[in-house]
Protein chains: 2
Amino acid sequence: MSQSLALARFLPYRCNSLARKISVSLSRIYAEKYGLSIPQWRVLVTLAEYGELQASQVTELTSLDKVQVSRAVAGLSERGLLRRRSSERDSRAALLCLSDTGQTLFHRIEPEVLAWEQALLAPLEPAEQEVLFTLIDRLELRLQEMRPVGDATTGAGRSP
Amino acid sequence: MSQSLALARFLPYRCNSLARKISVSLSRIYAEKYGLSIPQWRVLVTLAEYGELQASQVTELTSLDKVQVSRAVAGLSERGLLRRRSSERDSRAALLCLSDTGQTLFHRIEPEVLAWEQALLAPLEPAEQEVLFTLIDRLELRLQEMRPVGDATTGAGRSP
DNA sequence: GGCAAAAGGTTTCCAATGCAACCATTTGCC
DNA sequence: GGCAAATGGTTGCATTGGAAACCTTTTGCC
């Protein structure tokens with residue numbers, strides 16, 4: 001007997017809904033208080049963590065596409081929160097790092113955001129938090145496995 | 001000692017990222033094969049489950065806002081997948097239910113979607129699946145608790 | 001009964017998002 | 001060395017999505 005579909009017990013729906021609610025709630029900190037969009041916020045975090053990166057690396061690390069990164073960088077740059085210089089090895093590549101202002105801003109936001117996350121996770125035991133992250137890891141891994149063989153990134157460049 | 005922020009271990013990011021990947025992957029079924037948007041798909045599922053509902057109830061059950069529901073309904077209605085009639089109790093209210101065509105379509109998609117979900121969840125033991133849903137429930141609950149007292153829905157309609 | 005406020009839905013408008021076309025540079029191959 | 005293809009990043013354009021204004025009907029109050 002096959003079970004039937006109810007949104008309340010349907011993982012794609014539940015996951016989407018949870019993610020949405022988390023975003024809306026969290027964005028009160030970095031969006032409303034500090035005027036950052038989600039992509040801008042992710043770029044900020046990533047540069048704070050890694051120092052200097054190429055735009056393409058930021059793309060990798062943030063799960064944003066290159067258009068989003070480009071626009072986020074433009075916005076942050078206008079506000080003087082990051083500097084970009086072009087690589088001497090490859091003059092197409094843009095090297096990005098936070099300015100002092102950017103670092104300062106990040107260090108002001110970071111504890112607020114971490115505190116918010118702690119508040120969210122507070123009802124879960126540390127072990128349960130571990131389980132949660134592990135489950136997410138495993139599901140993401142599984143999604144990659146499920147990707148059908150002939151995907152977009154496959155037959156790259158054969159016929160003209 | 002306060003921990004520092006890294007996206008890989010930051011729940012909002014991980015959750016968003018997972019939800020996005022799930023949506024993209026799943027939408028190959030109902031979007032590409034059957035031409036349904038996510039809101040349309042949710043409305044379809046909900047009406048299949050509950051029979052006849054008012055638009056406002058659909059809004060509740062799907063976590064969509066009323067604009068999305070309105071547009072989804074318009075689209076489904078154009079394709080003849082649902083019927084709407086106005087309530088005799090309240091002529092503003094629209095009563096929605098699937099047409100036969102809509103039911104048929106749903107019954108064709110449902111098993112595919114459930115099979116896909118099963119494939120996604122396959123690496124998790126049943127007990128782990130249970131844990132996953134429970135964790136999601138608890139986080140959603142927590143988010144509601146965290147909502148500051150004077151929220152948007154509060155002082156509704158006082159001054160002109 | 002009549003008028004102000006609220007509620008159900010739809011439409012309008014603007015910002016965010018994503019795809020595709022686009023420049024500029026670099027790589028690879030002959 | 002030179003030309004075709006590939007790569008890094010940006011810009012334009014069409015679509016999506018959400019907030020607010022809107023219309024209609026209903027409710028509540030005097």
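We name chains A, B, ... by the order of the sequence lines, and we start the count at 1 in each one.
- More than 12 heavy atoms of other shown residues, nucleotides or ligands fall within 6.0 angstrom of atom CD in B:E112.
- Here the P atom of nucleotide C:dG8 and the CG atom of B:D65 are 14 Å apart, to the nearest Å.
- Rounded to whole angstrom, the span from the CG atom of A:N16 across to the P atom of D:dG17 amounts to 11 Å.
- Within the 4.0 Å cut-off from OP1 or OP2 of C:dG18, at least one side-chain nitrogen or oxygen of A:Q68 is found.
- Between A:S56 and the phosphate of D:dT7, there is no side-chain N or O to OP1/OP2 separation shorter than 4.0 Å.
- In the interface, the side chain of A:R92 is not paired with the base of C:dA24 through any donor and acceptor atom under 3.5 Å apart.
- Of the N and O atoms on the side chains of A:Y13 and B:S63, at least one donor lies less than 3.5 Å from an acceptor on the other residue.
- Checking C:dT11, D:dG18, D:dG8 against every side-chain atom of A:A93, the shortest atom distance belongs to D:dG8.
- For the pair A:S91 and C:dT26, the criterion of a side-chain N or O lying under 4.0 Å from OP1 or OP2 is met.
- For B:S23 and A:N16, the side-chain atoms include at least one donor-acceptor pair closer than 3.5 Å.
- Between C:dA7 and B:Q54, no contact under 4.0 Å exists linking OP1 or OP2 to a side-chain N or O.
- Put simply, CG on A:L96 is 13 Å from C1' on D:dT10, counting in whole angstrom units.
- Two residues, A:V67 and B:R71, neighbour DNA chain C, and the one matched to the more 5' nucleotide by heavy-atom proximity is B:R71.
- Note: CD (A:Q40) to C1' (C:dT17) measures 14 Å, nearest angstrom.
- Rounded to an integer number of Å, the gap from B:L53 CG to C:dG8 P is 14 Å.
- The 5' end of DNA chain D is approached more closely, in terms of each residue's nearest nucleotide, by A:D90 than by the other of A:D90 and A:A74.
- Distance CD1 (A:I38) to C1' (D:dG17): 13 Å, rounded to an integer number of Å.
- Rounded to whole angstrom, the span from the CG atom of A:L36 across to the P atom of C:dA15 amounts to 18 Å.
- For the pair B:K66 NZ and D:dG17 C1', the computed distance is 16 Å after rounding to whole Å.
- Ionic pairing of B:R85 and B:E52 is present here: one or more N-O contacts between side-chain nitrogen and carboxylate oxygen are shorter than 4.0 angstrom.
- Under 4.0 angstrom from either OP1 or OP2 of D:dG8 there lies no side-chain N or O belonging to A:R84.
- Under 4.0 Å is where a charged nitrogen must lie from a carboxylate oxygen, and between A:R9 and B:E130 at least one such pair does.
- Side-chain N/O atoms of B:R20 include one lying less than 4.0 angstrom from OP1 or OP2 on C:dG18.
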